[in-house]
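Have a look at the structure below, then the notes.
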Amino acid sequence: MTDTTFDADGITLEKVREYVWEIPQEGNMRTPARVLASEALLEEIKEDKTLEQIKNTTHLPGITNHAICMPDGHQGYGFPVGGVGALDAENGCISPGAVGYDINCGVRMMRTNLTYDELQGREEELVDSLFANVPSGLGGGGIVEAGVDTVDEILERGVDWALENGHAVEEDLLHCEDEGVRAEADASKISQKAKDRGKNQIGSLGSGNHFLEVQRVTDVFDDAVGDAYGLEEDRIVVLIHCGSRGLGHQTCNDYLRKIEQQHQGLLNQLPDKELAAAPAGSQLAADYYKAMNAAINFAWVNRQLIMHRTRQVFERVFDRSWEEMEMELLYDVAHNIAKKETHAVGVGPEGRPVRDGDAVEREERELYVHRKGATRAFPAGHPEVPKAYRDVGQPVIIPGSMGAGSYVLRGGENSMDLTFGSTAHGAGRLMSRTQAKNEYWGGDVQDELEQQEQIYVKAQSGATVAEEAPGVYKDVDEVVRVSDALGIGDKVARTFPVCNIKG
């Protein structure tokens, strides 16, 4: 390895500038691929198929400028987790594999006026009550069990349905990405099997890496932005991480099978069948986009109901109303999503992909921006940032492991030019779930977190805790440092776990 190249199993990355590495365009690649990482993170990223997957992504029709891998990148289904690909919405395609099975897996953070001192001594009571009242784990069971008509309403109306039914207040919608609804959603494009899987899971965490975590703010790095976000040191916040449950998984599976049947020609052009895509302008592309948006709405309602139930638990434990505790939604941001967005795209001589430093003309194009395990990170002044935050930039929430803390960032000034307005979504896995269960014992992990860090963890099984042990993840501090240095997501605050419930 030299200062300007990085070699990993036959793939050579050239250093464009600090923390920006490029896999040059060759063969049937339509663009170069870029990895945003320090050398320490690259050493971890190369351990699985992430680099091969981000290179394969450049074969998708209509991909624009670069395929991008974030600092938390790791191997996924076809398209790497931590991947961003912007595909021309007129002449490109849309790929369910580049969105993921858990459509709109995402995070929301709720701030409070409680201090850590007020919570100390009540950790076990709080974690037990949250665990008893917020459904988690595999299979069914939710806060709301709905008939088909209600599921259809949720799919098409998003968090507005929760507002009308007493599970939200108006401010919740205003502090959610897209105000909690994708208007392009069409419930008729979701299969009955998917609806049946989702109807008794509305308001549930599920399993895997999903969690509800009570945290304390340990550091505020930018006082002005922290003030705009309502974050102060030693205050308690709640972080919720989950998605569209079985409904989203079934929807992804349904459309992958349809693509295999209807667009085999395009599929045969791709180096990995898991990148299966529907051509832009086709009926299947239109149907998938409508179905995906419906699943996005379902996930937003899922997180909203969990937040509403969490408010009720806090009311009982602290014997005061959630309004008195100022339990307000800071922001909800989606991962695993493809959205039609308009971006200024660089056009080089003869239409070739552009590199940093090239003389570039820019033209506005509508793109399907795929963010799989990546977070939208729009900067200050962007019209899609909620009015409350428009002067400072969109809140970005990056969870770490349950022993390492999390971060709140703001959309950076360089995000639109470098990453189509995106940054990392978490720490990123180092180990597979199988390897984690071989190396860790859930009960030991729980005991160590409680004894050494005063973190109280409760889960449906010890295996789940083992799968999510702190050592299973990359260093979230390093992931955030790279994001901050590149100016795609700027550090605002750090939080640290107090209580955690998992499936």
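Hydrogens, waters and symmetry mates play no part in the numbers below; they use all other heavy atoms, side chains included. Nothing here was measured: the structure is a model prediction, and the numbers come from that model.
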Ignoring hydrogens and angles, state whether a donor on the side chain of [X] or [Y] is under 3.5 Å from an acceptor on the partner side chain.
{"X": "Y331", "Y": "R108", "answer": "no"}
{"X": "N104", "Y": "R303", "answer": "yes"}
{"X": "D477", "Y": "Y407", "answer": "yes"}

Do [X] and [Y] come within less than 4.5 Å of each other through their side chains, counting heavy atoms only?
{"X": "T375", "Y": "V396", "result": "yes"}
{"X": "L174", "Y": "E179", "result": "yes"}
{"X": "R182", "Y": "Y289", "result": "yes"}
{"X": "K437", "Y": "E467", "result": "yes"}
{"X": "L275", "Y": "T57", "result": "yes"}
{"X": "L256", "Y": "Y101", "result": "yes"}
{"X": "R481", "Y": "P71", "result": "no"}
{"X": "F6", "Y": "K15", "result": "no"}

If you look only at pairs with a residue in residues 244-265, which of them pass as a salt bridge (charged side-chain N to carboxylate O under 4.0 Å, His left out), with sequence neighbours excluded? R257-E260
I'd like to know if the side chain of [X] and the backbone of [Y] have a donor-acceptor N/O pair within less than 3.5 Å.
{"X": "E177", "Y": "A334", "answer": "yes"}
{"X": "R410", "Y": "P395", "answer": "no"}
{"X": "T31", "Y": "T64", "answer": "no"}
{"X": "T58", "Y": "M29", "answer": "no"}
{"X": "Q215", "Y": "V237", "answer": "no"}
{"X": "S406", "Y": "G400", "answer": "yes"}
{"X": "K474", "Y": "G73", "answer": "yes"}
{"X": "N91", "Y": "G62", "answer": "no"}
{"X": "N302", "Y": "F298", "answer": "no"}
{"X": "D102", "Y": "S244", "answer": "yes"}

E90 CD: over 12 foreign heavy atoms closer than 6.0 Å: no
Kindly check if the number of other-residue, nucleotide or ligand heavy atoms within 6.0 Å of CD (E478) is above 12? yes
Derivation and outcome, side-chain contact (heavy atoms from CB on, under 4.5 Å), residues L36 and L418: CA-CA 10 Å; L36 310 182; L418 290 180; 5.5 Å; no
I need the minimum non-hydrogen distance between T251 and A291, along with the two atoms involved. CG2-CB, 4.0 Å
Ignoring hydrogens, what is the shortest heavy-atom contact between V476 and G405? Give both atom names and the distance. CG1-O, 3.8 Å
Cationic N near anionic O, under 4.0 Å, E384 to R376: yes
SB check E468 R429 (cutoff 4.0 Å): yes
Stepwise side-chain contact (heavy atoms from CB on, under 4.5 Å) check, I103 with N336: CA-CA 5 Å; I103 298 168; N336 292 13; 5.6 Å; no
Measuring from [X]:[atom1] to [Y]:[atom2], what's the distance to the nearest 0.5 Å?
{"X": "I94", "Y": "L87", "atom1": "CD1", "atom2": "CG", "value": "8.5 Å"}
{"X": "D287", "Y": "Y255", "atom1": "CG", "atom2": "OH", "value": "5.0 Å"}
{"X": "S401", "Y": "N209", "atom1": "OG", "atom2": "CG", "value": "12.0 Å"}

Apply side-chain contact (heavy atoms from CB on, under 4.5 Å) to the pair E328 and E171, showing each step before the final yes or no. CA-CA 8 Å; E328 299 165 347; E171 286 297 307; over 6 Å; no
Centre of F79's six-membered ring, under 6.0 Å away, within 45 degrees of the axis: is that where NZ or CZ of K372 sits? no
I'd like to know whether E26 forms a salt bridge (Lys or Arg N to Asp or Glu O under 4.0 Å) with K55, so could you lay out the CA-CA distance, the side-chain angles of the two residues, the decisive distance to 0.1 Å, and finally the verdict. CA-CA 10 Å; E26 62 181 13; K55 182 178 180 180; 2.8 Å; yes
Is there a side-chain contact (heavy atoms from CB on, under 4.5 Å) between D484 and L409? Walk through the geometry before answering. CA-CA 8 Å; D484 186 74; L409 282 62; 5.9 Å; no
Parallel, tilted or perpendicular: rings of Y389 and H175 (30°, 60°): tilted
